[in-house]
Amino acid sequence: MTTSIDPAAVELGLDTFGDVTVGPDGAPLHHAVVLRQVVDQAVLADQVGLSFIGLGEHHRDDFAITAPDVVLAAIASRTERIRLGSAVTVLSSDDPIRVFERFSTLDALSTGRAEVILGRGSFTESFPLFGFELADYERLFAEKLDLFTALLAEEPVTWSGTIRPPLTDQRVYPPTESGRLKVWIGVGGTPQSVVRAAHYRLPLMLAIIGGPPAQFVPLANYYRDLLAAEGADPLPIGMHSPGHIAPTDEQARDELFGHFQAQRDRIGRERGWPPTTRIQFERDASPEGALHVGSPETVARKIATNMQALGVSRFDLKYANGAMPHEQLMRSIELYGAEVAPLVRDMLG
């Protein structure tokens with residue numbers, strides 16, 4: 001099924017986890033340097049007209065961002081238009097009230113540009129770090145999401161569950177000027193997560209990081225069907241996928257492969273994955289794969305094709321994938337905003 005999309009409604013954004021990059025000597029940079037680079041990358045994204053910058057939360061040595069809201073506040077002070085959010089906030093190991101307070105504060109500082117993408121994340125380091133049991137994985141997310149969504153009305157909240165003391169007519173501050181913080185649910189591919197997003201009337205963000213994006217079409221349609229069956233208005237659907245842009249396909253793939261392979265293999269050793277091969281990489285980079293890598297025209301065509309197939313109105317490119325140097329990331333962002341974005345809108349038009 002191909003879905004018609006209004007080109008004027010299309011949003012093209014970026015995501016990063018603050019992957020620790022390498023300097024001119026090939027050595028990893030200090031986390032502090034990487035964080036400052038992330039701010040510079042977001043400023044460039046704003047300058048080239050991109051819609052969104054999302055910062056993922058991780059608590060391990062290969063990613064620098066542990067406090068997305070703090071980095072986003074720094075970005076807010078240096079940007080004017082770009083929307084600012086998490087990608088994702090690991091709600092299971094956080095406090096829903098503090099998450100709301102931090103992002104409503106960011107919303108104030110950015111004059112209404114804050115967003116939250118809530119998820120369970122694909123890493124679990126935050127659980128032991130903050131004193132949570134992995135055995136409570138499902139219950140923590142379910143109850144904390146229920147509490148968080150109750151806060152979104154910005155009215156006195158009465159709530160009870162098993163993970164914390166109950167609330168009775170409790171207000172949470174600061175309220176947003178618009179009266180509603182924009183919140184998405186990040187989904188990795190399970191129908192149960194889609195049901196949860198529809199139940200709470202939250203936009204859906206599909207994390208498509210491997211395999212054919214087309215395999216997510218049934219989930220997107222299921223979400224739309226659930227909303228329609230409950231008499232709810234349609235809500236936005238977005239997608240997040242990794243990639244890299246350079247002047248030519250060959251240059252983009254050659255720049256990315258070594259860093260992409262090293263990162264995948266490092267994580268793979270922890271999870272029991274087989275080593276990443278160039279053949280596998282090329283398959284992921286093909287028109288049918290999840291990796292959006294190549295020249296501006298190649299990447300634009302792939303984005304437009306997938307947006308139409310899934311019926312999504314936003315595409316977020318995870319532009320940092322391993323230790324790729326800052327200069328190459330900046331060039332990729334520049335090409336994405338200046339060349340890819342206009343091409344995508346023309347193709348969708």
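The shown structure was predicted, so the numbers you read here are calculated from the model rather than taken from an experiment.
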Selection [range] - residue pairs positive for salt bridge (Lys or Arg N to Asp or Glu O under 4.0 Å), sequence neighbours left out:
{"range": "residues 336-349", "result": "none"}
{"range": "residues 36-55", "result": "Asp40-Arg78"}
{"range": "residues 201-212", "result": "Arg201-Glu230"}
{"range": "residues 14-28", "result": "Asp19-Lys318"}

Quick one: [atom1] on [X] to [atom2] on [Y], what's the gap to the nearest 0.5 Å?
{"X": "Glu297", "Y": "Leu343", "atom1": "CD", "atom2": "CG", "value": "7.0 Å"}
{"X": "Leu329", "Y": "Tyr319", "atom1": "CG", "atom2": "OH", "value": "6.5 Å"}
{"X": "Lys182", "Y": "Phe103", "atom1": "NZ", "atom2": "CZ", "value": "14.5 Å"}
{"X": "Asp94", "Y": "Leu140", "atom1": "CG", "atom2": "CG", "value": "11.5 Å"}
{"X": "Leu310", "Y": "Leu219", "atom1": "CG", "atom2": "CG", "value": "9.0 Å"}
{"X": "Trp184", "Y": "Thr89", "atom1": "CH2", "atom2": "OG1", "value": "14.5 Å"}

Which pair of non-hydrogen atoms, one from [X] and one from [Y], has the smallest distance, and what is that distance?
{"X": "Ala197", "Y": "Ile185", "answer": "CB-CB, 3.9 Å"}
{"X": "Leu84", "Y": "Ile75", "answer": "CD2-CG2, 3.6 Å"}
{"X": "Ile209", "Y": "Ala290", "answer": "C-CB, 3.9 Å"}
{"X": "Leu12", "Y": "Val344", "answer": "CD1-CB, 4.1 Å"}
{"X": "Leu227", "Y": "Leu235", "answer": "CD1-N, 3.8 Å"}
{"X": "Trp273", "Y": "Arg264", "answer": "CE3-O, 3.8 Å"}

Under a 3.5 Å distance rule, please check whether [X] uses its side chain to pair with a backbone N or O of [Y] as donor and acceptor.
{"X": "Asp95", "Y": "Arg98", "value": "yes"}
{"X": "Thr298", "Y": "Gly294", "value": "no"}
{"X": "Ser313", "Y": "Pro236", "value": "no"}
{"X": "Thr168", "Y": "Thr158", "value": "no"}
{"X": "Tyr223", "Y": "Ile237", "value": "no"}
{"X": "Ser241", "Y": "Ile208", "value": "yes"}

Looking only at side chains, do Gln41 and His326 share a donor and an acceptor under 3.5 Å apart? yes

Are Glu125 and His58 linked by a side-chain donor-acceptor pair shorter than 3.5 Å? no

I would like to know whether Leu202 and Arg196 meet side-chain contact (heavy atoms from CB on, under 4.5 Å); could you show each step before the answer? CA-CA 9 Å; Leu202 295 177; Arg196 187 178 282 129; over 6 Å; no

Hey, are the side chains of Thr124 and Leu134 touching, using non-hydrogen atoms and a 4.5 Å cut-off? yes

I'd like to check Leu118 versus Val90 (side-chain heavy atoms, cut-off strictly below 4.5 Å). Are they in contact? no

Please enumerate all residues that pass ring pair (Phe, Tyr, Trp, His ring centres under 6.0 Å) together with Phe257, with sequence neighbours excluded. Phe281

Under 6.0 Å from the [atom1] atom of [X], do we count more than 12 heavy atoms belonging to anything else shown?
{"X": "Glu270", "atom1": "CD", "answer": "yes"}
{"X": "Ile279", "atom1": "CD1", "answer": "no"}
{"X": "Gln215", "atom1": "CD", "answer": "yes"}

Do the charged groups of Arg278 and Glu282 touch, with an N to O distance under 4.0 Å? yes

Are Arg120 and Phe141 in a cation-pi setup, meaning NZ or CZ lies under 6.0 angstrom from the ring centre and within 45 degrees of the ring axis? yes

Under the side chain to side chain donor-acceptor pair (under 3.5 Å) test, which residues partner His59, sequence neighbours left out? Glu57

Under the side chain to side chain donor-acceptor pair (under 3.5 Å) test, which residues partner Glu143, sequence neighbours left out? Thr162

Before giving the answer on ring-ring contact (aromatic ring centres under 6.0 Å, His included), spell out for Tyr137 and Phe127 the whole-Å C-alpha distance, their side-chain angles and the decisive distance to 0.1 Å. CA-CA 9 Å; Tyr137 188 85; Phe127 282 79; 5.6 Å; yes

Sequence-distant partners of Asp146, salt bridge (Lys or Arg N to Asp or Glu O under 4.0 Å), two or more places apart: none

Sorted by chain and number, sequence neighbours left out, salt bridge (Lys or Arg N to Asp or Glu O under 4.0 Å) with Lys144 holds for none

Pro128 meets the side chain to side chain contact (heavy atoms under 4.5 Å, CB included) criterion, sequence neighbours left out, with none

Please name all residues satisfying side chain to side chain contact (heavy atoms under 4.5 Å, CB included) with His199, sequence neighbours left out, ordered by chain then number. none

Distance-only criterion, 3.5 Å: show the donor-acceptor pairs between side-chain atoms of residues 105-114 and protein atoms not counting sequence neighbours.
from, atom 1, to, atom 2, distance (Å)
Thr105, OG1, Glu101, O, 2.7
Asp107, OD1, Ala114, N, 3.1
Ser110, OG, Leu106, O, 2.8
Ser110, OG, Asp107, O, 3.4
Ser110, OG, Arg113, N, 3.2
Arg113, NE, Ser110, O, 2.9
Arg113, NH1, Thr79, OG1, 2.9
Arg113, NH1, Ile82, O, 2.8
Arg113, NH2, Ala76, O, 3.3
Arg113, NH2, Thr79, O, 3.2

Applying the side-chain contact (heavy atoms from CB on, under 4.5 Å) test to Phe315, which of His292, Glu11, Lys302, His240 qualifies? His292

